[in-house]
Amino acid sequence: MKKYLFLILILSFLFTLNSCTNSNKYIKETTNFGIKSAKKGYWKEAKFRWEKLVKEDPDDFIALNNLAVCYEVEEDFETAKEFYSRALELQPKNKYIKINLEKVEALLFAKEQDKKQTE
Amino acid sequence: MIMKKRITLLILVLSFLIFYSGSCIHTELVYITITDDPKIKLDPDATIVVHNFWLNAKDDPTLTFRPEKEISQKFRDVLEQEETLKVLPRKSYKRLNKLFLTAVEEKSLSILSYIEKQDLSWVEVTKDEPCDYLLLGETAFEVVDGSGYEYRRIYDPFSRTYKYKEVFVKQKIFNIKVTIILIDVKKNKMIYEDIYNDSRIEAGDVESNLTQFLWLSEFSVERFISSFTPEIEKQYRYLLGR
């Protein structure tokens, strides 16, 4: 009896583990497919993939960062900044997100200065 | 009992490996294109008139432009006001062609500038005119006789050695200088000047090279245009992978 119980326990554990890895696999595949698309210049496709991930998990800092890059490509720097900031809040030590955020902030600052000069 | 321990350990190791590989982050460096500020900052709503660059502005709308915008009616109206702004048809080209072909031993010929001197219509543009910037072109051609002796290595099949022979080569050196000037009409001030030089040594005749020169000049205009339309700069951004 004990033997069977132990077997059921192991099987259920493996089943949960499998479903977990499947969802991990899906996230990994979607992220990397987005990267592949972005590298080829299909930014809309990449954006679609990462938006999907953010909808499913709003705390996915990787998808948030990548989505911000998409917004930068579209020249929507304000939204890009928002997404980078959110990603950095979730992962304050990530240097890559930090660099991305600094760059978009610099761009926004330069644009503001230009606007002031033209006015 | 030992078996159970081993299985539990195995499960723990496996689950750690699976979860670890799933959450492992590596970064991929990709660059994205972000438009950068143009070299010359012009008002995006400004009207620019490409004047007298032996390009018929009416025929070639790509050279009568606003940065990244279509030609407005305002601009078309300016072009049609021939009394104030004479945008020449290919008159310059024809004249240039004629002058060039009749010249035998050509020296420096500032043909277009000569034509400009005959037609200083841009001076007539006053503050009231609906034109902000004026793009003028000045081209100078120079054909120099580059004929002379050249040493050529020739293979002698009898002695099976290479010999050097003095050969007279008839050739011409074609020099082109394109000056592009941008004038702020409202302030009556030159705000930009770009000089493009090119030189070629060719054995061909003047006529065949003329087309090339014209192409070069048009290329210079395009180069100039791109200098004040937003440039695309490669900027690096990090995309995160899993």
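The shown structure was predicted, so the numbers you read here are calculated from the model rather than taken from an experiment. In the text below, chain A, chain B and the rest are named by the order of the sequence lines, each starting its count at 1.
Counting heavy atoms from C-beta on, the side chains of A/Tyr96 and B/Leu240 come closer than 4.5 Å.
In this structure, the separation between CG on B/Leu239 and CG on A/Asn66 is 4.5 Å, given to the nearest 0.5 Å. For the atom pair B/Arg237 CZ and A/Lys103 NZ, the distance stands at 5.5 Å (nearest 0.5 Å).
Only the side chain of A/Asn65 comes within contact range of chain B, with at least one heavy atom under 4.5 Å from a heavy atom of that chain.
The main-chain N or O of B/Tyr238 is found under 3.5 Å from a side-chain atom of A/Asn100 such that the two form a donor-acceptor pair.
Just one of A/Asp60, A/Thr30, A/Asn24 meets the side-chain contact (heavy atoms from CB on, under 4.5 Å) condition when paired with B/Arg242; it is A/Asp60.
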